[in-house]
Amino acid sequence: MPRKITSINPEQQRFSVWLNYWLEVYAKPNVTISTYKGYNNMVKRHIIPKLGEAKMCGLTVGKLQSFFNAMAKCENSFNKKITLSQKTLKNIYDVMHIALKSAVEAGIIAENNLEKVVMPKCSDRNENFLDLNEQVTLLQYAKNLDSLAACGIVLLLDMGLKKKELLSLKWSDIDFKSHILVLSNRKIPIVQSDYEYLNKHKKMQRTAMEKKGLLQTDDTLVLANRKFSKYTSEGYNRFIKRAADNCGFDNITATTLRNTFGAECIRIGGSLPIVSYLMGDCCVRITRRRYKKLIEELSSGNSPFELV
């Protein structure tokens, strides 16, 4: 149970105390599990490390504005310099706004000063990609690994799936006759090598499920954990990290692999509208911003990728 907000001078309480109290008492009973986890991640990862020690009465417009200005440039939680996306910054704002609005309604503070903050624009992100040799190394490792979990690495690197799409992908989403992966907003062609790999993976999964008395159907997840249920985001992150470590790579995430797919498409001459479509971006502008530095490096000849 979170530390209780005292009735004596509650405005003198630390912001972290209110945030933890709000998460458990206000948010958790009223939102879905996934939404609660998202709130909790924003609070623990981004907000408390920077503003947790501030008193509730000390959350002035100036202090909040300075917080968001700094976050738009870079964020240093867990001793790592991370450039945030505009969407993440907006999510942080939304969580803080709801928490502070609840504080006003509870009589903790007189007004929600966050409403007077002007949201800054984030700096361009420096996305990380694997170079060609690293891609080959990790793909070979994944395809030779005696683990059903390795399929996710192949799908991220070769098809650019979003992690949420990957973890929810079912066999009914794969059209083996047409060699196409069918998602909600796009269709991704499956190259012959991946077509053969997915067929092999499906047979391996079917055999493994039969040994446990389970039946593989069209609704079975393509990527499933040892209990043949859905991976958690954190659980699959750990698998990717172990695989990357075994290949001698540092700081490799699902996003790194997905972004590498887009970078490879650009390397071989794919247009931005096509790359944007394949990756499921909502607009070409987002794709252009993600690969801005890469495109400039390719044009100048200073990139590990080579134009063809």
Side-chain angles (χ1 to χ4, degrees), residues 32-35 37-38 41 85-88 90-91 125 127-130 135 138-139 142-143 147-191 193-195 197-202 205 216-225 227-241 243-244 252-266 270 272-287 289-291:
T32 64
I33 294 176
S34 61
T35 298
K37 288 182 177 179
N41 179 63
S85 68
Q86 200 70 42
K87 182 176 183 298
T88 299
K90 178 63 164 55
N91 290 341
R125 303 181 70 181
E127 303 289 2
N128 294 321
F129 318 116
L130 299 180
Q135 291 176 53
L138 189 56
L139 275 175
K143 290 186 175 183
S147 170
L148 293 173
C151 178
I153 291 178
V154 177
L155 291 170
L156 288 167
L157 263 179
D158 280 1
M159 299 182 202
L161 272 65
K162 300 175 183 178
K163 186 163 63 172
K164 184 177 181 180
E165 294 172 335
L166 172 68
L167 300 182
S168 302
L169 191 69
K170 298 179 180 180
W171 286 113
S172 58
D173 298 321
I174 300 177
D175 185 342
F176 281 98
K177 291 184 179 180
S178 301
H179 289 218
I180 291 175
L181 180 62
V182 183
L183 300 174
S184 60
N185 60 348
R186 64 196 191 280
K187 296 180 179 180
I188 303 175
I190 303 174
V191 298
S193 59
D194 287 339
Y195 173 82
Y197 174 78
L198 284 170
N199 266 304
K200 179 181 177 181
H201 171 75
K202 188 174 184 180
Q205 186 191 70
Q216 184 188 66
T217 68
D218 285 345
D219 288 330
T220 300
L221 293 169
V222 175
L223 179 69
N225 61 24
K227 295 181 180 180
F228 296 99
S229 58
K230 188 176 181 178
Y231 263 104
T232 64
S233 178
E234 296 80 5
Y236 201 67
N237 279 342
R238 289 193 291 271
F239 175 80
I240 292 175
K241 185 179 185 305
I252 303 299
T253 66
T255 301
T256 306
L257 304 184
R258 163 177 156 77
N259 288 343
T260 296
F261 165 81
E264 180 65 13
C265 289
I266 291 173
L272 280 176
I274 291 176
V275 176
S276 183
Y277 170 79
L278 290 174
M279 297 193 70
D281 291 337
C282 63
C283 64
V284 176
R285 177 174 52 82
I286 290 176
T287 313
R289 185 170 64 224
R290 180 188 300 126
Y291 295 110

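- With rounding to the nearest 0.5 angstrom, the CG atom of Leu257 is 4.5 Å from the CG atom of Leu157.
- Remark: Thr256 pairs with Thr253 by the side chain to side chain donor-acceptor pair (under 3.5 Å) rule, at least two apart or across chains.
- Remark: Lys200 pairs with no residue by the side chain to side chain donor-acceptor pair (under 3.5 Å) rule, at least two apart or across chains.
- Atom CZ in Arg290 sits 8.0 Å away from atom CZ in Phe129 (nearest 0.5 Å).
- A donor-acceptor pair shorter than 3.5 Å cannot be found between the side chains of Asn259 and Thr255.
- Side-chain contact between Cys151 and Val222: present, with at least one pair of heavy atoms (C-beta onward) separated by less than 4.5 Å.
- Partners of Lys187 by salt bridge (Lys or Arg N to Asp or Glu O under 4.0 Å), not counting sequence neighbours: none found.
- For the side chain to side chain contact (heavy atoms under 4.5 Å, CB included) test, residues two or more places apart in sequence or in another chain that qualify with Thr217 are Leu215, Asp219, Thr220.
- A heavy-atom distance below 4.5 Å is not found between the side chains of Val284 and Val275.
- The side chain to side chain donor-acceptor pair (under 3.5 Å) search around Asn199 returns none, not counting sequence neighbours.
- Partners of Phe228 by ring pair (Phe, Tyr, Trp, His ring centres under 6.0 Å), not counting sequence neighbours: none found.
- Proximity of Val191 to Tyr195: side-chain heavy atoms (C-beta onward) are nowhere separated by under 4.5 Å.
- Applying the side chain to side chain contact (heavy atoms under 4.5 Å, CB included) rule to Thr32 yields the partners Ser34, Thr35; only residues at least two apart in sequence or on another chain are considered.
- For the pair Leu156 and Ile240, the minimum side-chain heavy-atom distance is below 4.5 Å.
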| query | Going through the checks in order, is the side-chain contact (heavy atoms from CB on, under 4.5 Å) test met by Asn225 and Leu148? | reply | CA-CA 8 Å; Asn225 61 24; Leu148 293 173; over 6 Å; no
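- Here Tyr236 pairs with Tyr231, Phe239 under the ring pair (Phe, Tyr, Trp, His ring centres under 6.0 Å) rule; sequence neighbours left out.
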| Can you list the steps and then say if Leu138 with Leu130 is a side-chain contact (heavy atoms from CB on, under 4.5 Å)? | CA-CA 9 Å; Leu138 189 56; Leu130 299 180; 3.9 Å; yes
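- Scanning all heavy atoms of the two residues, the minimum distance from Ala142 to Ala150 falls at O-CB, 3.2 Å.
- Checked by atom type and distance alone, the side chain of Arg258 pairs as donor or acceptor with a backbone atom of Met279 at under 3.5 Å.
- Atom OG of Ser276 is separated from atom CG of Asp281 by 4.5 Å, given to the nearest 0.5 angstrom.
- Note that the CD1 atom of Ile190 and the CG atom of Leu181 stand 5.5 Å from one another [nearest 0.5 Å].
- Taking the side chain to side chain donor-acceptor pair (under 3.5 Å) definition, one finds that Ser147 meets it with nothing, sequence neighbours left out.
- Here CD1 of Ile153 is found 8.5 Å from CG of Leu139. Values are rounded to the nearest 0.5 Å.
- In this structure, Asp194 pairs ionically with Lys143, as a charged nitrogen and a carboxylate oxygen lie closer than 4.0 Å.
- In terms of heavy-atom proximity, Ile252 sits nearest to Ala244 at CB-CB, 3.6 Å.
- The side-chain heavy atoms of Ile174 and Leu198, taken from C-beta on, include a pair separated by under 4.5 Å.
- Distance check: Arg285 CZ to Thr287 OG1 gives 10.0 Å after rounding to the nearest 0.5 Å.
- Around NZ of Lys241, the count of heavy atoms belonging to other residues, nucleotides or ligands within 6.0 Å does not exceed 12.
- Counting only residues at least two apart or on different chains, the salt bridge (charged side-chain N to carboxylate O under 4.0 Å, His left out) pairs with a member in residues 151-180 are Glu165-Arg186.
- Considering all non-hydrogen atoms of both residues, Gln205 and Leu221 come closest at NE2-O, 2.9 Å.
- Two residues are said to be in side-chain contact when any heavy atoms from C-beta on lie closer than 4.5 Å; Leu167 and Thr232 fail this criterion.
- Remark: Ile274 engages Ser271, Leu278 in a side chain to side chain contact (heavy atoms under 4.5 Å, CB included) (not counting sequence neighbours).
- By the side chain to side chain contact (heavy atoms under 4.5 Å, CB included) test, Ser168 pairs with Lys230, sequence neighbours left out.
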